[in-house]
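To start, the structure under review is shown below, and the notes come after it.
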Amino acid sequence: QVQLVESGGGLVQAGGSLRLSCAASGRTFNNYIMGWFRQAPGKEREFVAAVTRSGSSTRYPDSVKGRFTISRDNAKNTAYLQMNSLKPEDTAVYYCAASRSLFITVRGYEYDYWGQGTQVTVSS
């Protein structure tokens, strides 16, 4: 069992930056692929970023590539999402998630544990 708690969301102007954190409970954090997803009102959940267990490989959709960076600190049981050059269309609730998948995955249904979400609002 893994419990995930996100923090770092808030209101920021377009072009600004935020860093989200995802703190995980338990001693098996490095057994999981970590991912970030987001959901805007009236829209489906969207994959944002994922990182392998070691942190050596990452994956992003084109919509955030070059602006967002996912990382993890296994010693601190924490994953991060650095978001730069934010746009109003990045406004959403952001969720971190943990997957036992063997390989890095962008599919939400392959993630086993989810946090409660943190709101990110980007004003124009």
Side-chain angles (χ1 to χ4, degrees):
Q1 185 78 12
V2 175
Q3 293 186 327
L4 305 172
V5 179
E6 302 98 334
S7 61
L11 173 64
V12 64
Q13 289 189 332
S17 298
L18 281 175
R19 188 175 85 152
L20 305 183
S21 298
C22 174
S25 66
R27 294 176 289 180
T28 59
F29 178 69
N30 60 359
N31 284 350
Y32 297 90
I33 290 166
M34 296 301 297
W36 286 93
F37 292 77
R38 66 186 181 187
Q39 188 165 23
K43 294 188 176 182
E44 293 186 352
R45 184 177 61 196
E46 177 187 18
F47 167 74
V48 175
V51 63
T52 53
R53 291 169 175 80
S54 66
S56 61
S57 183
T58 57
R59 185 81 57 83
Y60 306 93
D62 288 343
S63 58
V64 309
K65 195 174 295 183
R67 300 189 299 122
F68 290 12
T69 302
I70 188 171
S71 62
R72 65 190 297 162
D73 186 337
N74 287 339
K76 295 183 178 179
N77 282 7
T78 302
Y80 304 96
L81 184 68
Q82 177 67 43
M83 304 186 295
N84 299 329
S85 302
L86 282 162
K87 305 174 181 179
E89 52 263 43
D90 294 318
T91 295
V93 177
Y94 283 71
Y95 300 90
C96 74
S99 172
R100 290 175 291 192
S101 173
L102 289 178
F103 304 104
I104 196 168
T105 178
V106 307
R107 302 181 185 90
Y109 65 81
E110 292 186 328
Y111 285 78
D112 302 286
Y113 302 103
W114 293 80
Q116 82 289 349
T118 185
Q119 177 70 49
V120 171
T121 303
V122 184
S123 64
S124 57

| query | Does the side chain of E46 reach to within under 4.5 Å of the side chain of V64, using non-hydrogen atoms? | reply | no
| field | Pairing residues for S25 by the side chain to side chain contact (heavy atoms under 4.5 Å, CB included) criterion, not counting sequence neighbours | value | Q3
| query | Is the count of non-hydrogen atoms from other residues, nucleotides or ligands lying under 6.0 Å from R45 atom CZ greater than 12? | reply | yes
| query | Tell me the side chain to side chain donor-acceptor pair (under 3.5 Å) pairs involving residues 12-24, sequence neighbours left out? | reply | S17-N84
| task | For residues P88 and S124, report the shortest heavy-atom separation together with the two atoms involved. | result | CG-CB, 3.8 Å
| message | Going by the rule side chain to side chain contact (heavy atoms under 4.5 Å, CB included), which residues pair with V120 if we only count those two or more places apart in sequence or in a different chain? | response | L18, L20, M83, Y94, V122
| field | Atom pair CD (E6) and CD (Q119), whose distance is rounded to the nearest 0.5 Å | value | 12.0 Å
| field | Between OG1 on residue T91 and NZ on residue K43, distance to nearest 0.5 Å | value | 9.5 Å
| request: Heavy atoms only: give me the nearest S85-R67 pair and the separation to one decimal. | output: O-NH1, 3.0 Å
| said: Clusters formed by hydrophobic residues whose side-chain heavy atoms approach within less than 4.5 Å: which one holds L11, and what are its other members? | reply: none
| CZ on R59 to OG1 on T105, rounded to 0.5 Å | 8.0 Å
| field | S99 side chain to E110 backbone, donor-acceptor under 3.5 Å | value | yes
| task | Work out which heavy atom in G117 is nearest to a heavy atom in V93; give both atom names and the distance. | result | CA-CG1, 3.8 Å
| field | Taking every non-hydrogen atom, the tightest pair across A92 and A40 | value | CB-N, 3.8 Å
| query | Hey, what do you get for CG (N77) to CZ (R72), rounding to the nearest 0.5 Å? | reply | 9.0 Å
| task | Answer yes or no: is there an ion pair linking K87 with D90, defined by an N-O contact shorter than 4.0 Å? | result | no
| message | Would you compute the distance between atom OG1 of T28 and atom CZ of R53 and round it to the nearest 0.5 angstrom? | response | 10.5 Å
| query | Going by side-chain heavy atoms closer than 4.5 Å, which hydrophobic residues are tied to Y80, directly or by a chain of links? | reply | none
| task | Report yes or no: does T52 contribute a side-chain atom to a donor-acceptor pair with the main-chain N or O of S57 at less than 3.5 Å? | result | yes
| note | d(S101 OG, Y109 OH) to nearest 0.5 Å is 9.5 Å
| field | Y60 side chain to I70 backbone, donor-acceptor under 3.5 Å | value | yes
| Any pair counted as ring pair (Phe, Tyr, Trp, His ring centres under 6.0 Å), so long as it reaches residues 3-45, sequence neighbours left out | Y32-Y113, F37-F47, F37-Y111, F37-W114
| request: Check for a donor-acceptor pair, side chain of D112 on one end and backbone N or O of R100 on the other, with a separation under 3.5 Å. | output: yes
